[in-house]
Structure formats: structure tokens, C-alpha cells
Amino acid sequence: MSRPSVPRRSVLRGAVGFGAAAGLGSLTACAPGATGSEPRKLTGTPSASVKGEVTIWNRSGDLFKVFDAAIDEFRKAHPNVKVNHQAVDIDAKLANTLITGADLPDGSFWDDAKIGGQAEHLYDLTDLIEPYRKDTSPYKLSVNTVDGRIYGVPWDLDPGLLWYREDLLEDAGVDPEGIATYDDLLDAARALKEKNHKAGPIHLEKDPFLGQLWLEMLANQQGTSLADADGKLRLDSKEYRTILNWVRTAVHDGLATHADYLKQGDLAALEDGRQALVPWAVWWSFAPQQLLKKTRGKWRATQLPAWTPGGARSGAMGGSSFIIPAKAKSPELAWMLYEFLCFKQPGYSAVYGPSSVYPGGLNTSVPSYTPARKADAPLFDPVAALGGQDLWKVTVDAAAAIPAAAPIPSWWAKSVDYLGNNVQRLMEGDMTPDDVIDDSTRKIQRNLVDRA
């Protein structure tokens with residue numbers, strides 16, 4: 001399932017030179033085929049004097065430029081390593097390349113939700129991640145884990161926030177800090193609609209993939225997800241019924257705008273005031289910075305509402321990590337680069353610091369590595385497009401509230417054909433919450449779980 005093209009995350013790509021192995025120090029990799037079905041492992045870090053060449057894939061767009069600048073810092077620290085950083089259509093190319101083994105990068109950026117489905121084609125990075133495990137978000141570790149082994153280098157953490165139009169809420173007499181529960185959010189939408197009868201204040205996502213990702217954020221808030229740690233479906237639950245019934249109420253009461261993420265119709269509704277409440281990931285901050293012109297400076301962010309009083313005020317929506325193909329030519333150098341970008345200074349500061357795309361720093365996510373996520377040591381500046389709001393503090397606080405999660409099952413992306421599409425039918429008024437749960441559970445179990 002391909003992702004929408006609006007910039008959000010970027011990718012890194014890598015290929016290794018012929019003589020690279022000579023300087024790899026204690027890093028070792030299992031030989032292809034040496035352990036049968038056992039995953040190939042990387043178990044050490046190259047020496048600082050290592051020489052070689054690495055090719056890294058990244059998506060084109062905003063993050064490609066961000067990582068390009070950060071990779072320059074890696075080059076300064078490791079002048080004998082040549083990094084070929086390439087912009088690639090990862091959604092179209094990476095999965096097939098992993099399977100065929102032809103023209104592979106040495107490393108690539110990828111969505112967390114897609115890593116589990118390709119674990120057999122990736123290096124097992126468990127031993128390399130171990131020194132950083134206790135300081136990395138438990139959520140982020142879990143979504144990169146398959147059968148107890150870690151296959152992705154955890155990069156970003158994408159907490160959910162409530163984005164709102166400060167001017168419209170003030171005009172409607174709504175205190176954003178008083179939106180403590182999702183029932184409060186419906187009441188806020190009603191107050192906004194009284195001021196503008198054409199409004200559908202709450203954004204509901206029209207893209208099936210993003211709609212399911214959004215649903216999982218709301219489920220994560222309640223400590224659940226589509227599957228448990230053993231891959232058993234748990235869609236048929238109180239938590240999912242609570243979410244889906246809330247969606248049905250928002251639709252039935254005319255409190256929502258059903259639109260594609262930051263496409264023309266969505267942007268128009270955001271600009272003209274029909275949409276004023278967007279429960280979404282931190283990466284929505286891209287909109288007021290890059291796309292919204294009339295309402296730039298009027299948007300703010302606060303914690304998500306909770307499903308029950310005192311419940312979690314955030315959940316994770318999406319996220320990306322770095323993978324190293326099992327047939328990569330220079331996997332050791334790819335690890336060296338990713339370790340620098342995710343776990344080392346000045347690596348993670350270079351990623352999140354000022355760049356040509358984000359002059360005040362990258363503010364569409366925060367690091368999953370806790371030492372890089374200090375409330376009193378912001379990696380990016382207050383955001384002018386949010387009226388100078390200190391988004392770092394809001395986001396770091398939200399990140400700390402994200403509940404732990406189960407690993408993402410290998411069939412998750414394919415389940416969008418059932419659950420993601422059925423959620424759309426609910427939003428269109430063509431299915432009930434029970435219909436969504438019953439039909440999706442039956443089809444996912446039969447077509448995906450039982451065949452996994």
C-alpha cells in the first residue's frame with residue numbers, strides 16, 4: 001500500500017566499496033545461508049579508522065535534504081567513508097529489491113509498519129541495539145521487533161497531538177486546555193459548529209492507509225493495537241468499539257470533515273475555518289509551516305484528549321526507522337552511519353537542528369532515543385508558523401505519555417485492504433462499528449493471519 005506523497009519522512013541509501021571489510025574491526029556478520037532459516041546478525045561496530053563506501057536510500061523531499069546535511073557531519077567524523085545518499089521511491093522499489101537482492105542499498109529509511117513484513121530479508125540488529133535499549137522508547141523498540149529480535153534502527157517518535165485554530169476556539173468560547181476527553185472534543189466541535197453552520201470541525205482521514213494509522217494511534221492511547229504480542233487479533237474489543245462509536249457520533253452529528261491528508265480539499269477546509277480540530281501526529285506541523293498560507297500563525301498544538309479521565313494523553317501515529325538488507329554489501333558501514341544519526345552526538349543534533357528546509361530545526365518528530373529528548377535542551381526552536389509556540393516541550397511531554405505496544409505484525413499493511421477500507425465506509429455512513437469489527441476481523445483472520 002503506497003503512502004500519500006505529501007512530505008513527512010525521508011530516506012537514506014547505501015552501497016559499500018570493495019575494500020571496506022578490511023577496516024571493520026570487531027563487527028561480524030553471519031555468512032549467507034550459514035544458519036539456515038536463522039536471521040543474519042550484525043554484532044559489533046567498525047573502528048573509527050574504517051574505510052569504505054556505503055549507499056543509503058531516502059525518500060525525496062524535505063527529509064532527504066535534512067539527512068543530507070546531517071550526513072555531512074558523519075563525513076567529518078569519518079572522512080574515509082564515502083556515503084552515497086540517494087533519493088528513491090522507496091514504497092515502489094524497496095520491497096521488491098529486498099526480495100530479489102538486486103541493486104540493493106546498504107541501508108534504507110522505512111515506515112515501521114512495513115518492517116515486520118520483510119524481516120526475513122533484513123539483518124538482525126538486536127545485539128547492536130542492546131547498549132541503547134534502556135534509553136530508547138519501549139514503543140519504538142516493540143514496533144521494530146519480530147519474534148523477539150530487532151530488525152530496525154529506531155529513529156523517530158511520532159506522538160499524537162491535538163492541533164487547533166486558536167482564533168476560532170477563542171471566538172467560540174472553547175478553552176483548548178479544557179478538552180480533556182474525546183467527549184470534550186465533540187462538545188468543542190459543537191460549539192464551533194454553532195458559530196459556523198458550514199463547519200465540520202474535526203478532521204477525519206479519507207486515505208485508508210492513513211486512516212488506519214490514525215485508528216491505531218487512538219488504540220495505542222488505550223494500551224491496545226490490532227494484534228497482541230503473539231499476533232492474535234484483538235480488534236473485537238471494547239477499546240476499538242469506543243473509537244468507532246465516537247467516529248460514528250462525529251459523523252452523525254455533522255461534526256467532521258472527511259478529507260484526504262493535506263490534499264486540496266483538506267487544505268481549503270483548514271484555511272476557510274470549516275476544520276479547526278485535527279487529532280493527528282506531530283508531523284502535521286508541516287502543514288502550517290509549508291502549506292497553509294492564510295492561517296499560518298493561527299494554529300497551535302496541545303495534548304490529545306484521553307478516552308477516559310486520567311487516561312493517556314498521547315499515542316504513536318506512524319514512525320520510521322532504518323533497515324539494513326541481509327544481502328547488503330557493506331552492512332557494517334550502514335550501521336555505523338545509523339548509530340551516529342540516532343544515538344550519537346553530534347549526529348542526532350545534526351538531524352534535528354537547523355537546516356535549509358527547517359531553519360529552526362526539524363520539528364515533525366522527536367528522537368526515540370531518550371537522552372536526545374530532554375525538555376530543557378530543545379533540538380528545535382519555537383515554531384513561528386505556530387505563533388512562536390514551544391512545540392518541543394509539547395511534543396516531548398506527549399512522547400513520554402505514549403503507552404508501550406505490541407510488535408507490528410508482518411501483515412499489518414495488507415490489513416488496510418480490510419480494516420482501513422471499512423473504516424472509510426463507517427465515515428461515509430455505510431457501515432456500523434459492529435460491521436467494521438465483524439467484517440474486518442473475519443477477513444483479516446482468514447486472508448492474513450491464518451496464512452502468515
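Computed from a prediction, not measured in an experiment: that's the story for all the values here.
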Using a strict 4.0 Å threshold on nitrogen-to-oxygen distance, state whether Asp187 and Arg190 make a salt bridge.
-> yes
Over 12 non-hydrogen atoms of neighbours within 6.0 angstrom of CD in Glu170 | no
Where do Gly152 and Leu125 come nearest, in terms of heavy atoms and distance?
-> C-CD1, 4.0 Å
At their closest point, which heavy atom of Ala350 faces which heavy atom of Glu73, and how far apart are they?
-> CB-CG, 3.7 Å
Option passing side chain to side chain donor-acceptor pair (under 3.5 Å) with His258 (candidates His203, Gln424, Lys206, Glu205) | Gln424
Indicate yes or no for a side-chain donor-acceptor contact from Ser142 to the backbone of Ala405 under 3.5 Å, with no hydrogens or angles considered.
-> yes
Presence of salt bridge, Asp72 and Arg75, under 4.0 angstrom = yes
N/O donor-acceptor pair under 3.5 Å between Arg373 side chain and Pro367 backbone = yes
By ring-ring contact (aromatic ring centres under 6.0 Å, His included), which residues pair with Tyr240, not counting sequence neighbours?
-> none
Heavy-atom closest contact (Asn363 atom, Leu391 atom, distance) | O-CD2, 3.7 Å
Give the C-alpha distance, both sets of side-chain angles, the deciding distance and a yes or no for side-chain hydrogen bond (donor to acceptor under 3.5 Å, both in side chains) between Thr126 and Asp124.
-> CA-CA 6 Å; Thr126 309; Asp124 174 355; 2.6 Å; yes
Only counting residues at least two apart or in another chain, list the ones meeting side chain to side chain contact (heavy atoms under 4.5 Å, CB included) with Pro325.
-> Leu98, Leu104, Pro105, Ile323, Ala328
Quick check: does any side chain N or O of Trp299 sit under 3.5 Å from a backbone N or O of Ser285, one acting as donor and the other as acceptor?
-> no
Determine whether the aromatic ring centres of Trp283 and Tyr261 lie less than 6.0 Å apart.
-> yes
Under 3.5 Å, is there a donor-acceptor pair between the side chain of Arg313 and the main chain of Leu304?
-> yes
Whether Asn422 side chain and Tyr418 backbone form a donor-acceptor pair below 3.5 Å | yes
Give a yes-or-no answer on whether the side chains of Gln275 and Asp266 include a donor-acceptor pair shorter than 3.5 Å.
-> yes
With the threshold set at 4.0 Å, does a side-chain nitrogen-carboxylate oxygen contact exist between Lys374 and Asp376?
-> no
Can you tell me how far the CZ atom of Arg241 sits from the CD1 atom of Ile437, to the nearest 0.5 Å?
-> 4.0 Å
Are side-chain N/O atoms of Gln212 and Ser415 paired as donor and acceptor at under 3.5 Å?
-> yes
Between Trp155 and Phe67, is the gap from one ring center to the other below 6.0 Å?
-> yes
Should the pair Lys294-Asp272 be classified as a salt bridge under the 4.0 Å nitrogen-to-oxygen rule?
-> no
I would like to know whether Tyr139 and Ser368 meet side-chain hydrogen bond (donor to acceptor under 3.5 Å, both in side chains); could you show each step before the answer?
-> CA-CA 9 Å; Tyr139 171 85; Ser368 63; over 6 Å; no
Single hit among Asn84, Leu333, Ile71 for side-chain contact (heavy atoms from CB on, under 4.5 Å) with Val54 = Leu333
Is the backbone N or O of Ala199 less than 3.5 Å from a side-chain atom of Lys193, with the two atoms forming a donor-acceptor pair by type?
-> yes
Between Ala227 and Ala406, which heavy-atom pair has the shortest distance, and what is it?
-> O-CB, 3.6 Å
Could you walk me through whether Asp111 and Arg59 pass salt bridge (charged side-chain N to carboxylate O under 4.0 Å, His left out), step by step?
-> CA-CA 11 Å; Asp111 297 314; Arg59 288 196 184 99; 2.9 Å; yes
Between Glu239 and Gly223, is there a donor-acceptor pair closer than 3.5 Å when you use the side chain of the first and the backbone of the second?
-> no
Is a side-chain N or O of Glu271 found less than 3.5 angstrom from the main chain of Leu292, in a donor-acceptor match?
-> no
Does the distance from a Lys or Arg side-chain N to an Asp or Glu carboxylate O, for Arg425 and Glu428, drop under 4.0 Å?
-> no
Are the side chain of Asp158 and the backbone N or O of Ala281 linked by a donor-acceptor pair below 3.5 Å?
-> no
Option from Val146, Ile324, Asn144 for which side-chain contact (heavy atoms from CB on, under 4.5 Å) with Tyr151 holds = Val146
Considering all heavy atoms of both residues, which atom of Gln118 and which atom of Ala95 are nearest to each other, and what is their separation?
-> NE2-CB, 3.9 Å
Under 30°, 30 to 60°, or over 60°: which ring-plane class applies to Phe343 and Trp335, parallel, tilted or perpendicular?
-> tilted
Kindly indicate, with the supporting measurements, whether the criterion side-chain hydrogen bond (donor to acceptor under 3.5 Å, both in side chains) is fulfilled by Asp112 and Ser321.
-> CA-CA 6 Å; Asp112 293 334; Ser321 296; 2.7 Å; yes
How would you list, by chain and number, every residue that makes a ring-ring contact (aromatic ring centres under 6.0 Å, His included) with Phe340, sequence neighbours excluded?
-> Phe74
What are the two closest heavy atoms between Ile129 and Pro154, and how far apart are they?
-> CD1-CD, 3.9 Å
Determine yes or no for a side-chain-to-main-chain donor-acceptor pair under 3.5 angstrom, with Lys82 supplying the side chain and Pro79 the backbone.
-> no
